[in-house]
Amino acid sequence: MSDQSPSAGPVSAALFERAERLIPGGVNSPVRAFRAVGGTPLFIARARGSRVEDEDGRSYLDYIGSWGPMILGHGHPAVVDAIRSQIAQGASFGAPCRLEVEMAEELVARVPSLERVRMVNSGTEATMAAVRLARGATGRSKIVKFEGCYHGHGDAFLIKAGSGAATFGVPDSPGVTKGTAHDTLTAAFNDLAGVALRFAEHPRDIAAVIVEPVVGNMGVVSPRPGFLEGLRDLCTRDGTVLILDEVMTGFRVARGGAQERFGVRADLTTLGKIIGGGLPVGAYGGRSDLMAQVAPEGPVYQAGTLSGNPLAMAAGLATLRQIEATDGFYETLERLGSRLEAGVAAHLARSGYPCRLARVGSMWTLFFTGDEVRDWNGASRCDTSRFARFFHEMLRRGVSLAPSQFEANFLSIAHTEADIDETCAAAGDALAVAWA
Ligand SMILES: *Cc1c(COP(=O)(O)O)cnc(C)c1O
């Protein structure tokens with residue numbers, strides 16, 4: 001693949017060759033491999049503020065933001081100091097520590113529906129544990145997830161509807177058993193009638209509905225008015241646990257996450273990314289009566305050697321407190337986001353290219369389709385080969401975007417108006433080349 005690498009410099013390309021020999025696909029998480037856009041990935045050596053620098057010494061404006069955690073930008077002094085002073089006290093104890101209590105207090109104070117919380121090490125762990133808890137508490141086996149929503153790599157989530165929109169899901173990955181697929185029902189995002197149908201087909205057998213309240217993992221897709229409220233009603237009526245997966249949206253789209261922004265109350269919420277400040281972390285929590293079912297208080301087992309790790313707690317707490325200490329934090333992100341949206345929209349209006357910038361706060365995706373994207377079906381109509389050209393043209397102009405059409409890009413508080421204007425100018429040029 002390296003000969004068709006239009007963007008990686010020689011040092012990155014050489015590192016990727018070494019990586020490919022030893023690591024599947026040369027990466028430790030698939031989307032990093034650039035397969036969706038061609039070429040080979042940049043190896044990042046360091047990052048500061050809104051910029052990353054690769055092993056070839058090239059600097060880029062960064063909109064990956066480690067896929068969400070870096071809302072303060074890279075290397076924020078408050079986070080660096082917190083990690084530094086914690087490591088001097090010890091990296092991990094395998095015993096309770098003060099920072100875990102402080103983290104639980106900070107989370108519960110911000111997310112409206114969060115009464116109690118358990119820390120884990122990744123978003124994947126959080127969603128797996130939340131579903132187990134929902135099943136344990138309800139005694140039911142099925143879950144509903146939405147096509148195009150990503151909840152980590154747990155077996156139960158690697159399912160989408162087959163082409164006949166069959167009632168039962170088909171695994172997306174070998175190694176996921178038919179039994180697991182049988183217990184995961186799917187519906188289209190924003191299609192309340194489809195969800196109601198699942199409830200009608202499986203009355204009192206659905207343990208949980210899990211949803212990204214704002215989807216980031218098929219590109220940014222907003223919930224239509226009434227969709228989340230409708231899910232809340234359906235779940236309440238059937239005694240089903242509503243899990244809002246806020247691993248991406250938590251502390252990103254509002255202080256209290258998407259559930260604050262859209263006024264919907266979850267039974268369980270999953271968190272990750274921002275609450276680790278760039279270190280590995282996850283959390284799940286919600287209704288007190290449900291969380292009382294978790295071991296050792298209750299019978300639903302879940303554990304972790306490094307859970308509540310002091311370094312991750314220190315980095316996450318510093319991040320949350322820095323957000324709180326910054327006047328108008330979310331308003332600033334919103335202003336930067338709308339500046340970006342307006343700048344790109346101006347280019348699109350002038351050129352007539354059939355693209356749309358979808359944005360919720362500081363999450364955004366430039367969809368290569370003329371139609372509004374409301375679900376996976378709509379997202380899958382995007383012109384991914386033109387997106388790939390655009391992506392590489394942006395890299396060439398020093399702007400690093402998520403290397404797939406079906407991902408969110410992230411603004412941080414470290415992005416400046418000048419950064420945004422530079423990005424819009426680059427986008428104007430890159431769009432023209434992509435359509436040349
Ligand atoms: C990133 C993400 C996950 C998975 O988190 P990991 O830490 O990568 O395991 C789950 N759900 C959503 C919505 C995410 O964006």
Side-chain angles (χ1 to χ4, degrees), residues 27-33 63-71 111 118-132 134 143-160 172-173 184 189 208-223 228 231 242-254 257-259 261-262 264 266 268-286 302 304 306-309 312-313 315-316 319 358 360-365 376 379 402-404 406-410:
V27 291
N28 283 312
S29 195
V31 73
R32 297 179 196 168
Y63 289 98
I64 297 177
S66 188
W67 302 94
M70 312 315 293
I71 198 165
V111 182
R118 168 63 64 84
M119 300 306 301
V120 293
N121 301 292
S122 68
T124 294
E125 267 189 71
T127 55
M128 285 172 23
V131 163
R132 181 184 302 143
I143 64 165
V144 173
K145 80 168 283 284
F146 295 89
E147 279 176 71
C149 281
Y150 179 69
H151 305 292
H153 63 85
D155 283 359
F157 307 120
L158 295 181
I159 313 285
K160 65 181 178 190
D172 272 345
S173 168
T184 299
F189 190 74
V209 171
I210 184 166
V211 66
E212 290 181 74
V214 175
V215 191
N217 287 291
M218 55 175 141
V220 174
V221 178
S222 303
L228 296 173
L231 292 183
L242 177 61
I243 304 173
L244 294 186
D245 182 357
E246 297 228 47
V247 171
M248 186 184 290
T249 54
F251 314 104
R252 164 68 61 185
V253 300
Q259 51 196 283
R261 190 167 174 135
F262 294 97
V264 181
L268 292 177
T269 298
T270 51
L271 296 166
K273 297 191 171 127
I274 285 174
I275 64 169
L279 272 65
V281 90
Y284 67 101
Q302 184 270 310
L306 293 174
S307 293
N309 174 262
M313 297 302 96
T319 300
V360 176
S362 56
M363 296 165 54
W364 61 276
T365 299
W376 173 246
S404 163
F406 308 116
E407 298 288 354
N409 296 282
F410 299 99

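First listed ligand is number 1; within each ligand, the first listed atom is number 1. The chain is numbered in sequence order, starting from 1.
Residue-to-ligand polar distances keep His151 apart from ligand 1: every N/O pair is separated by 3.5 Å or more. By the 3.5 Å distance cut-off applied to N or O atoms, Gly123 is counted among the residues near ligand 1.
The atoms of ligand 1 that sit less than 4.0 Å from any heavy atom of Tyr150 are 11 (N), 12 (C), 13 (C). Close contacts between ligand 1 and Asp245 involve ligand atoms 10 (C), 11 (N), 12 (C), 13 (C) [criterion: under 4.0 Å to a heavy atom]. Which parts of ligand 1 touch Ser122 is read off a 4.0 Å heavy-atom cut-off, strictly below it: atoms 7 (O), 9 (O). Against a heavy-atom cut-off of under 4.0 Å, Met248 is close to the following atoms of ligand 1: 15 (O). The contact set between ligand 1 and Glu212, taken as ligand atoms under 4.0 Å from a residue heavy atom, comprises 13 (C).
Nearest heavy atom pair, residue Ile159 against residue Lys145, reads O-NZ, 3.3 Å. Taking each heavy atom of Pro69 and Gly278 in turn, the nearest pair found is CB-N, 3.9 Å. When all heavy atoms are compared, the tightest approach of Trp364 to Phe410 is NE1-N, 4.3 Å. Shortest non-hydrogen contact noted between Val220 and Ala408 is CG2-CB, 3.7 Å.
Summary of contacts: the protein heavy atom closest to atom 8 (O) of ligand 1 is Thr124 OG1, 4.5 Å. Looking only at heavy atoms of the protein, atom 3 (C) of ligand 1 is closest to Val247 CG1, 3.7 Å.
Arg118 and Gln302 share a donor-acceptor pair across their side chains, judged by distance under 3.5 Å alone.
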Pair Trp376, Phe146 - check ring-ring contact (aromatic ring centres under 6.0 Å, His included), show working. CA-CA 9 Å; Trp376 173 246; Phe146 295 89; over 10 Å; no
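With Asn409 contributing its side chain and Ala402 its backbone, the two residues share a donor-acceptor pair below 3.5 Å. Distance alone, capped at 3.5 Å, places no donor-acceptor pair between the Glu246 side chain and the Pro213 backbone.
The side chain of Asn217, and not its backbone, has at least one atom closer than 4.0 Å to an atom of ligand 1 (non-hydrogen atoms only; side chain from C-beta on).
Heavy atoms of Lys273 approach ligand 1 to within less than 4.0 angstrom.
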